[in-house]
Every structure is written in C-alpha cells, then in structure tokens.
Amino acid sequence: MSDDTTPETTEPKTESHDPAVPEAYAAFMRTGWGERELDLPKHPVAEYAEARRARLAEAFPGERLVLPAGTYKVRANDTDYRFRPDTAHTYFTGNQTSDAVLVLEDGDAVLYARPRATRDTDEFFRDRQYGELWAGRRPSSQEISDSLGIEVRHVKDLPSFDDDRKTRDITTDEELARVASELRLVKDEWEVGELQEACDITTLGFEDSVREWDRVLEFGERWVEGTFFRRARAMGNDIGYDSIVGGGSHATTLHWIENTGPITPGELVLLDMGVEGTNLYTADVTRTIPVDGRFTPLQRDLYDLVFNAQQAGIEAVRPGVPFLAAHHAAMEVLAHGLSDLGLLPVSAEEALDPESKLYARWTLHGTSHMLGMDVHDCGRASADVYPKGDLAEGMVLTVEPGLYFQADDLLVPEELRGIGIRIEDDILVTADGWRNLSAALPRTSSEVEEWMGSLR
C-alpha cells in the first residue's frame, strides 16, 4: 500500500497544547447524540466512473490495481493544506474524501474509505484531522456507496496484498499511470460540461477583477489574485493553479505567482487564471490587458501579433492532425512577426528550422497542453501518444502563444523591453474542427478595450 494513504489509527490526532481529557469527560461526550445522515444524492459521475474502471481493468487482465486518493500534507507545523484528492483516484471513482483507496481486482471494484467515526470513540470530538467536531462531518461508508455506486469498505480493512497476484499501485507503477493518463485524454460529454462550467466561472472572475480596477490600482497584483480567488471559492472548489498576475515586466516571467507588484498606468498586465470546479475540472485562461483601458500603438501592434498567432493555432485544431499542429501554426506567425520587427539575426524560415529555433528567445514555451482535471492534464501518457500523437474528437487543449521581451534584453529596442503578452483559450476538438470553451472572454484588442470600458 502507498505511503500516501494513512489507515485509521486507534489514538486520535491531538497536539501537545490540547487540554487533558479525563475519562469522565470522555464518557460523557460519547452519550446523548441523535442520528443524523448526510444528504448525498447519486453523483452524476457514477455511471461514467463505472465505465472508466471497466476500461482500466481490461488493460491489465488478471492483475490487481490500486489507486489511492492520498492524505493530508503539512503546511506548517500542525496545520495541513486543504485536501485535494489524487486526480486518477477521483476520475475512476468520483470520491473526494481523503485516505481512500480504490482497488480493482477480477472485474470487481472496492473503495476502501475512511468514513466518519462512531460516537463510541474519542475521534469525533478529539481528532484534529478527522474528528467531526474539529474538521467537519465525513460521510458514512453507506452514504459514499449510495452516492458513487461502488462497494465501500473501511480503509482499516485494506488488505496487505502480500499474495502472489501482481499488484500495481498507481503512485509507483509507471505503466498503470500511463494507461490511466491516456484514458483521460478524450473527454466524455459530462466532462466537457464540467470544463465549460469552469470556463464560465473563470470569465466571471476576470470580470470581477476589472470591476474592482480602482482597488487594483491601489493594491496591485495581490488584489486581482484575491478577487479571482473569491469567485473560485464561491462557485467552484478552488483555483486550478496559482494565479499569475504579472504587471509590467513581471509578465515576462512565465510562472510569476508571487503577485506582489504594482499595477502601473501605461503598462500591460498579464492575467493567467483558472477556476477548478466542484468536480475538480479546471479552466486555464490568459488575457493581457492595458492598465489604462486602451492599448498604446506599440502595445496594440504586439498584442495583435500574438492574437494572430493564437488564431492560427486555434484554426489548426481538428481531429487527425498532430497535437503539435497548433504550436507550429502559432510559431510560424510569431517568427515572421519577429522578423518584421527586425529582431531575428536570420530569416524567419531559418529561425523556424528545428535545428535553429532562434525565434524562441522571445516565445519561450510550447503553445498547448492538455486540459482536464489537472491543468497540465494526462502528463504521464506515453510521449508517442501525447505530445507526439494526433488530436481526436473530445480532447481539450489550450492554445496560448506569447511574446516576452525581458527587461534586460539588449537585443531588442528599449521600448520593447519589459513587455510580456500571452493570450490563452481552452479549445475542445469537435468532429469537424474546434470549439472555444472560453470564448465568453474577449480576445481582439478592440474587444478587450470595449470590455474593460464596460466594466470599469
């Protein structure tokens, strides 16, 4: 069994500064409680998850498959991060409770879970990690089973798996992890709905941020981060990744998550943010907007170049083309644009040669990644399948080209230094092309200006 899962212990988790618990008090706490069930309706993912488990088991006939949810991670001393289950575990079960383990064997699925404690132990009123009065009411085994449509047993009954049957644990077995990732590449109808909802809430979060622009100017990047997080928590589970709020030259740092800088008039601000929905599917959207509400002529020219590159990348998406088609299409536009700016020391065609790639000094990253329950989804798939494979109907990927001129780059004119621009949308591969799930947020320079003007 993986160390990521902690079976129930007999002693409750307490701290040295907790008051003593005399036996008289403990005995009194175990009496006088009524029955109260949680209202857990049938989860809409239950039937999908059952079919997913069947496909996974078919890939490993005669073997035992183990997929833990994981347990709590320490943030500081005796406080934990808010729990978020392992993606594969939840994909194949729908379960989001901690310390659970899915076991697939001989076509049968059993979810070993840690339900709420009964009132004849000290756990419910003393345990800081699992106790109902400390951490909230966990569902019972029966409630989990009824909701997810799967047999549930207590995690303390999880077998040791010391027999002769081959056992694969997804936390350590690369082949199981690979297959599980590849099964998630094509999204079903329910998943597409979840991703669309995440994108729609993300749109609201961007709108919230612009509506509070006076506060953004006062408090800087932190205000956007906090404003967007409020929307993510109000309507979803969390943010799907640490928000990137890059004002001015911070936009040239690809994963700027400190978000401690000012928002300065006359500059641009890059916002890369995504809501994770209640079923853990996340959006991943980027807009670069003018702090003053209108682009300068130089900013507009650069923005339009990135927009044209993104549009070329999006239009390259359709079933049967290489996953990298969007990247190649976007880079073709950016390389020629950099050539037109006089920045390339060679021709655009030579810079685009895989043995050269000189243009990448100012583009830095790939244009796309898969999207789903993880912001960089299906990351343990075989490279021959992703990223070297072809797109198929039902896949969802980002298209996000960018231009980044570092503040200390002496190979570009001074007026370009410190400017970073990225535009990113979440694209569903359809039967005849693509659909932009995040299309509700404006993309063209004129639309961005009009959008900001209507909200500020």
Side-chain angles (χ1 to χ4, degrees), residues 240-259 268-274 282-289 302-317 322-339 341 343-344 348 351-372 374-381 383 386-389 391 395-409 411-412 416-427 438 443:
Y241 53 95
D242 287 329
S243 295
I244 299 169
V245 184
S249 62
H250 287 165
T252 66
T253 300
L254 301 184
H255 286 173
W256 172 259
I257 60 173
E258 291 187 29
N259 302 337
L268 300 174
V269 55
L270 186 155
L271 307 177
D272 186 338
M273 307 186 294
T282 185
D284 182 7
V285 179
T286 305
R287 292 294 184 267
T288 306
I289 61 179
L302 294 173
Y303 184 95
D304 289 348
L305 173 56
V306 176
F307 171 82
N308 291 335
Q310 191 208 24
Q311 188 62 30
I314 292 173
E315 290 176 357
V317 171
F323 167 80
L324 293 172
H327 175 73
H328 294 320
M331 293 304 102
E332 181 86 16
V333 173
L334 289 184
H336 281 89
L338 290 167
S339 179
L341 290 170
L343 299 183
L344 293 180
L352 285 163
D353 189 309
E355 298 301 315
S356 169
K357 293 185 62 175
L358 296 186
Y359 71 89
R361 178 185 177 100
W362 299 289
T363 64
L364 295 176
H365 57 81
T367 302
S368 299
H369 57 77
M370 291 298 182
L371 185 69
D374 293 335
V375 65
H376 298 145
D377 208 33
C378 310
R380 298 175 77 176
Y386 164 62
K388 296 180 181 179
L391 293 176
M395 290 181 175
V396 178
L397 67 156
T398 63
V399 179
E400 49 174 315
L403 280 179
Y404 311 94
F405 301 107
Q406 304 301 320
D408 57 355
D409 189 345
L411 298 186
V412 301
L416 296 184
R417 297 172 194 166
I419 294 178
I421 299 171
R422 181 166 65 251
I423 312 171
E424 177 181 19
D425 285 274
D426 303 339
I427 307 299
S438 48
R443 288 195 298 131

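Computation of the quantities below employed the complete heavy-atom set of this structure, encompassing side-chain atoms and omitting hydrogens, waters and symmetry-equivalent molecules.
- Side-chain contact check for Leu270 versus Trp256: every heavy-atom pair is 4.5 Å or farther apart.
- The two residues Asp425 and Ser438 have their closest heavy-atom pair at OD1-OG, 2.7 Å.
- Residues satisfying the side-chain hydrogen bond (donor to acceptor under 3.5 Å, both in side chains) criterion with Tyr404, sequence neighbours excluded, are His365, Arg422.
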_side chain to side chain contact (heavy atoms under 4.5 Å, CB included) between Asp272 and Val285, intermediate numbers included_ = CA-CA 6 Å; Asp272 186 338; Val285 179; over 6 Å; no

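- Closest of all the heavy-atom pairs between Thr252 and Ile419 is CG2-O, 3.5 Å.
- Looking at every heavy atom in both residues, Ala348 comes nearest to Ala335 through CB-O, 3.9 Å.
- To the nearest 0.5 angstrom, Met395 atom CE is 12.5 Å from Ser368 atom OG.
- Among pairs with a residue in residues 322-332, those fulfilling side-chain hydrogen bond (donor to acceptor under 3.5 Å, both in side chains) read His327-Thr367, at least two apart in sequence or across chains.
- For Pro401 against Ala309, the heavy-atom pair with the smallest separation is CG-C, 4.0 Å.
- Scored by the ring-ring contact (aromatic ring centres under 6.0 Å, His included) test, His369 finds His376 as partners (sequence neighbours excluded).
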Residues 353-360 side chain polar contacts: donor-acceptor under 3.5 Å, at least two apart:
from   : atom 1 : to     : atom 2 : distance (Å)
Asp353 : OD1    : Glu355 : N      : 2.7
Ser356 : OG     : Glu350 : O      : 3.4
Ser356 : OG     : Leu358 : N      : 3.4

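- At least one side-chain heavy atom of Ile244 sits under 4.5 Å from a side-chain heavy atom of His255.
- Partners of Asp426 by side-chain hydrogen bond (donor to acceptor under 3.5 Å, both in side chains), not counting sequence neighbours: none found.
- Contact annotation: the side chain of Phe307 never approaches that of Val333 to less than 4.5 Å [non-hydrogen atoms, C-beta and beyond].
- For the pair Ile257 and Tyr241, the minimum side-chain heavy-atom distance is 4.5 Å or more.
- Side-chain contact between Asn308 and Gln311: absent, with no pair of heavy atoms (C-beta onward) separated by less than 4.5 Å.
- At least one side-chain heavy atom of Arg361 sits less than 4.5 Å from a side-chain heavy atom of Leu411.
- Scored by the side-chain hydrogen bond (donor to acceptor under 3.5 Å, both in side chains) test, Thr282 finds no partners at all (sequence neighbours excluded).
- Using a distance-only test at 3.5 Å, with no hydrogens or angles considered, no donor-acceptor pair links the side chain of Arg287 to the main chain of Leu271.
- Between Asn259 and Ser243, the shortest heavy-atom distance links the atoms ND2-O, 2.9 Å.
- Within the model, atoms CG of Leu352 and OG of Ser339 stand 9.5 Å from one another, a figure rounded to the nearest 0.5 Å.
- A search for ring-ring contact (aromatic ring centres under 6.0 Å, His included) contacts involving Tyr386 returns Phe323, not counting sequence neighbours.
- For the salt bridge (charged side-chain N to carboxylate O under 4.0 Å, His left out) test, no residue two or more places apart in sequence or in another chain qualifies with Asp284.
- Of all the heavy atoms in Val317 and Ala326, the pair that sits closest is CG2-CB, 4.2 Å.
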Go through it in stages, so that I can follow the logic: the residues are Tyr303 and Ile423, the test is side chain to side chain contact (heavy atoms under 4.5 Å, CB included), and I'd like the CA-CA distance, side-chain angles, deciding distance and then a yes or no.
CA-CA 9 Å; Tyr303 184 95; Ile423 312 171; 3.5 Å; yes

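- Leu341 places a side-chain heavy atom less than 4.5 Å from the side chain of Leu302.
- Two residues are said to be in side-chain contact when any heavy atoms from C-beta on lie closer than 4.5 Å; Leu416 and Asp409 fail this criterion.
- The CD1 atom of Ile314 sits 4.0 Å away from atom CD1 of Ile427, with the distance rounded to the nearest 0.5 Å.
- Listed by chain and number, the residues in a side-chain hydrogen bond (donor to acceptor under 3.5 Å, both in side chains) with Glu424 are Thr286 (sequence neighbours excluded).
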